[in-house]
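This one's a predicted model, so the numbers in the text were calculated from it and none came from an experiment. In what follows, every chain begins at residue 1, and chains take the letters A, B, ... in the order their sequences are listed.
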Amino acid sequence: MSDAKLPSHTEDFSEWYNQLVLRAELADYAPVRGCMIVRPYGWALWENIQQALDRRFKATGHVNAAFPLLIPKSFLEKEQAHVEGFSPELAVVTIGGGKELEEPLVIRPTSETIIGYAYAKWIKSYRDLPVLINQWNSVVRWELRTKMFLRTLEFFWQEGHTAHATYEEAAAETRQMLEVYTDFAVNEAAIPVIPGRKSDAERFAGADQTYSIEAMMGDGKALQAGTSHNLGQNFAKAFDIRYLDKRGELQYCWTTSWGLSTRFIGAIIMVHGDAQGLILPPRLAPFQVVVVPIFKTAEEKAIVMEAAQNLRTALVGAEVRVKLDEREGLTPGFKFNDWEMRGVPLRIEIGPKDVASRTVMLARRDQPGKAGKTAAQQDEIVTVVKALLVTIQQALYDRALAFRNANTHEPDDYEQFKSVVEKGFALSYWCGSSDCEAQIKEQTKATTRCVPLEQESREGVCIKCGQPAKEKVIFAKAY
RNA sequence: CGGGGCGUGGCUCAGCCUGGUAGAGCGCUCGGUUUGGGACCGAGAGGUCGGAGGUUCGAAUCCUCUCGCCCCGACCA
């Protein structure tokens, strides 16, 4: 709340983002490089994300558990690709209780290994399968370059880990959870996403197949917003996760893992935010409605506050998350701007005139200024507010989708491709060779984001080399 | 790790070149007037200049080293 204005999000998106995170009080910098303190407002948003996801996990048969933070270093080394992928970014504990440890312990960068260890102990028979466990925790990866929410040394997430009797079951689980993430992104966060398969280069260390949902941020760059891995039998073999099948034969399990992190908060900021600040989707917003009372004299204050409290009571009773701004000494205008910056989807203004006429003024966050203002009867406030929240939720999705469509192109040739990918997505045929992928990355900074699951046709030529190609791929610069 | 920028009250920064022992705006506290789109006036509190060492009668200022942060690149959810 220091300077009046944020940096322009069209001119300096990065600085706009940094300042918004701090000023909206989502998070603050920690004393350790690359770490963040999630403040109550940011955590409330995360809790709503957690609830929306956890509901879906439970509905698909998963249960929650907790595995340890510290993992024997040797565990990480059991799966070849996994160790190669993660060893550069491990934080390792070598001293405990003042003494050098016999075996160093790594702070989990992800829990495939420790869970693999546990699953090997627990799974003996096909009757034990499937195992469908999720955990909410934080992990540490020693990233070189960090940014609030998008990439921090420690981040909060959920990681689901499942074990199955067959490849088909594991594949179905992987895809099911991708669908769960898609549903969550679209229906809770109002963020349109493209579910798809990752290229070999972009695949998770130790997975046979990685799927992701990809979203377009307000600057045209892509953000991987959730991932789901089919781990094949890689970890089953490394950790000896085996079961006896119906015929009495010993089989390796098929495992999966899937995760969505606090990075998603970054996505919400960058997809919906505007020049005024955050715009939070009603279904996830810590406060869906803020009531700003307006008065001059003590008598006015008394009647306005009473009416405002009645509004709050009515809305709370209807399970609307509402905040009554009772702060003293701040002008209504200041409060308007403050809550707009913090992204509250709907504002109710109530002053002496409204009390007299039993009305209120409603202001939509997604439509700045007069355009978003309407009057409503106090008696009908619950109905009107609930309907408006649904409308706003939908409007945010529609706007994000329109923006993505406007910035997604199917270039005819490589020259066009290069300019398209400067800001936005290119949907192009790709032959599948890592060489083309690497060259494109070097020449344009754009990487393959995913091979969308939905494909129109199945024939074309690679945008880079002109060789026959079967699938279209999303290319974009990415966070 | 390479390139660039920067560390001075809570925040943004001036002062540094041309050493003399610290300033502004915002925020904060108190009082008053205000309050339908970021109010105003007055009075206060608050820093020894990222850290260490050196030069000097004297260092925020000059020198050396060091730590940290931000931005851009290579790695990543």
Note: for A:Phe336 and A:Thr152 on RNA chain B, the residue whose nearest nucleotide lies more 5' is A:Phe336

Answer for the Watson-Crick or wobble partner of B:U61, both distances under 3.5 Å, is none

Would you say A:Glu437 and A:Ser199 are linked by a side-chain donor-acceptor pair, where the criterion is simply a distance under 3.5 Å?
yes

| task | Taking atom types as modelled, find out whether A:Glu47 and A:Gln51 have a side-chain donor-acceptor pair closer than 3.5 angstrom. | result | no

Re B:G23: Watson-Crick or G-U wobble partner, both distances kept under 3.5 Å, found to be B:C13

**Prompt:** Checking all strands, does A:Gly259 fall into the base, sugar-phosphate, or nothing category for heavy-atom contacts under 4.0 angstrom?
**Reply:** nothing

#### Entry: Between A:Glu154 and A:Thr152, a side-chain donor and acceptor under 3.5 Å
no

- [ ] Looking at every strand, decide which applies to A:Leu260 at a 4.0 Å heavy-atom threshold: base, sugar-phosphate, or nothing.
- [x] nothing

In whole angstroms, the gap separating C1' of B:U35 from CD1 of A:Ile303 amounts to 15 Å

note: A:Glu328, atom CD; B:C30, atom P; distance rounded to Å ~ 12 Å

- Item | A:Thr331 side chain near B:G38 phosphate (N/O to OP1/OP2, under 4.0 Å) | no

Considering only heavy side-chain atoms of A:Asn337, the closest of B:G38, B:C72, B:C75 is B:G38

Spacing of the P atoms in B:C65 and B:C28 (rounded, Å):
43 Å

Fill in: A:His82-A:Phe235 aromatic ring centre distance below 6.0 Å
yes

Taken to the nearest whole Å, CG/A:Leu22 to C1'/B:G27 is 16 Å

A:Lys445 atom NZ is separated from B:A74 atom C1', nearest whole Å, by 9 Å

Original post:
Using atom P of each nucleotide, how far apart are B:C62 and B:U18 to the nearest Å?
Top reply: 9 Å

Next item on the list: Could you give the distance separating B:C71 and B:G31 at their P atoms, to the nearest angstrom?
Entry: 42 Å

To the nearest angstrom, the CG-C1' distance between A:Leu330 and B:G36 comes to 16 Å

Q) Expressed in whole Å, how much space separates the C1' atoms belonging to B:G19 and B:G3? A) 33 Å

A:Lys147 NZ to B:G73 P, in whole Å, measures 11 Å

Under a 4.0 Å heavy-atom cutoff, the residues of residues 182-205 of chain A touching RNA chain B are none

- Message: Quick check on B:G73: is either OP1 or OP2 less than 4.0 Å from any side-chain nitrogen or oxygen of A:Arg145?
- Response: yes

In Watson-Crick or G-U wobble terms, with both distances under 3.5 Å, the base opposite B:G7 is B:C67

Kindly say if A:Lys441 contacts the phosphate of B:C75, meaning a side-chain N or O under 4.0 Å from OP1 or OP2.
-> yes

> Does the gap between the ring centers of A:Phe86 and A:Phe204 come in under 6.0 Å?
Replying inline: yes

Basic-acidic side-chain contact under 4.0 Å: A:Arg358, A:Asp379 | yes

Tell me what A:Gln224 touches on the nucleic acid: a base, only sugar-phosphate, or nothing, going by heavy atoms under 4.0 Å. sugar-phosphate

Heavy-atom nearest nucleotide on RNA chain B taken for A:Val360 and for A:Thr146; more 5' hit belongs to A:Val360

Using Watson-Crick geometry (N1-N3 plus N6-O4 or O6-N4) or G-U wobble (N1-O2, O6-N3), each under 3.5 Å, B:A43 is paired with B:U29

Intermediate values then yes/no, salt bridge (Lys or Arg N to Asp or Glu O under 4.0 Å), A:Arg56 and A:Asp183:
CA-CA 9 Å; A:Arg56 288 166 167 81; A:Asp183 179 60; 2.8 Å; yes

Checklist entry - With a 3.5 Å cut-off and no angle check, do the side chains of A:Gln443 and A:Lys418 form a donor-acceptor pair? => result no

**Request:** Could you tell me whether A:Asp354 contacts a base, only the sugar-phosphate backbone, or nothing, with contacts defined as non-hydrogen atoms closer than 4.0 Å?
**Result:** base

| request: Provide the distance between the two P atoms, one in B:G51 and one in B:G7, to the nearest whole Å. | output: 14 Å

(message) Can you see if the side chain of A:Lys373 gets near the phosphate of B:G36 - specifically, an N or O under 4.0 Å from OP1 or OP2?
(response) no

Here the distance between atom P of B:A74 and atom CG of A:Leu144, to the nearest Å, is 12 Å

**Message:** Regarding A:Lys353, tell me which of base, sugar-phosphate or nothing describes its non-hydrogen contacts under 4.0 Å with the strands shown.
**Reply:** base

Next item on the list: For B:G47 versus B:U8, give the span between their C1' atoms, rounded off to a whole number of Å.
Entry: 8 Å

Touch check for A:Lys370, heavy atoms < 4.0 angstrom, all strands: base, sugar-phosphate only, or nothing? nothing

Against the side chain of A:Tyr29, the closest entry in B:C75, B:U35, B:C70 is B:C70

Rounded to whole Å, CD of A:Gln19 lies from P of B:C71 at a distance of 11 Å

(message) Suppose you measure atom C1' in B:A22 against the same atom in B:C41; what distance do you get, rounded to whole Å?
(response) 27 Å

Heavy atoms under 4.0 Å, any strand shown: does A:Glu340 hit a base, just sugar-phosphate, or nothing? base

Re B:U34: Watson-Crick or G-U wobble partner, both distances kept under 3.5 Å, found to be none

If pairing means Watson-Crick or G-U wobble with both distances under 3.5 Å, then the partner of B:G2 is B:C72

In terms of heavy-atom contacts, A:Ile194 and A:Cys450 come closest through O-SG, 3.8 Å

Self-check item: Any side-chain donor near an acceptor of the partner, A:Gln158 and A:His62, under 3.5 Å
Solution: no

Taking B:G15 as the reference, what is the distance to B:G23 when you measure between their C1' atoms (whole Å, please)? 8 Å

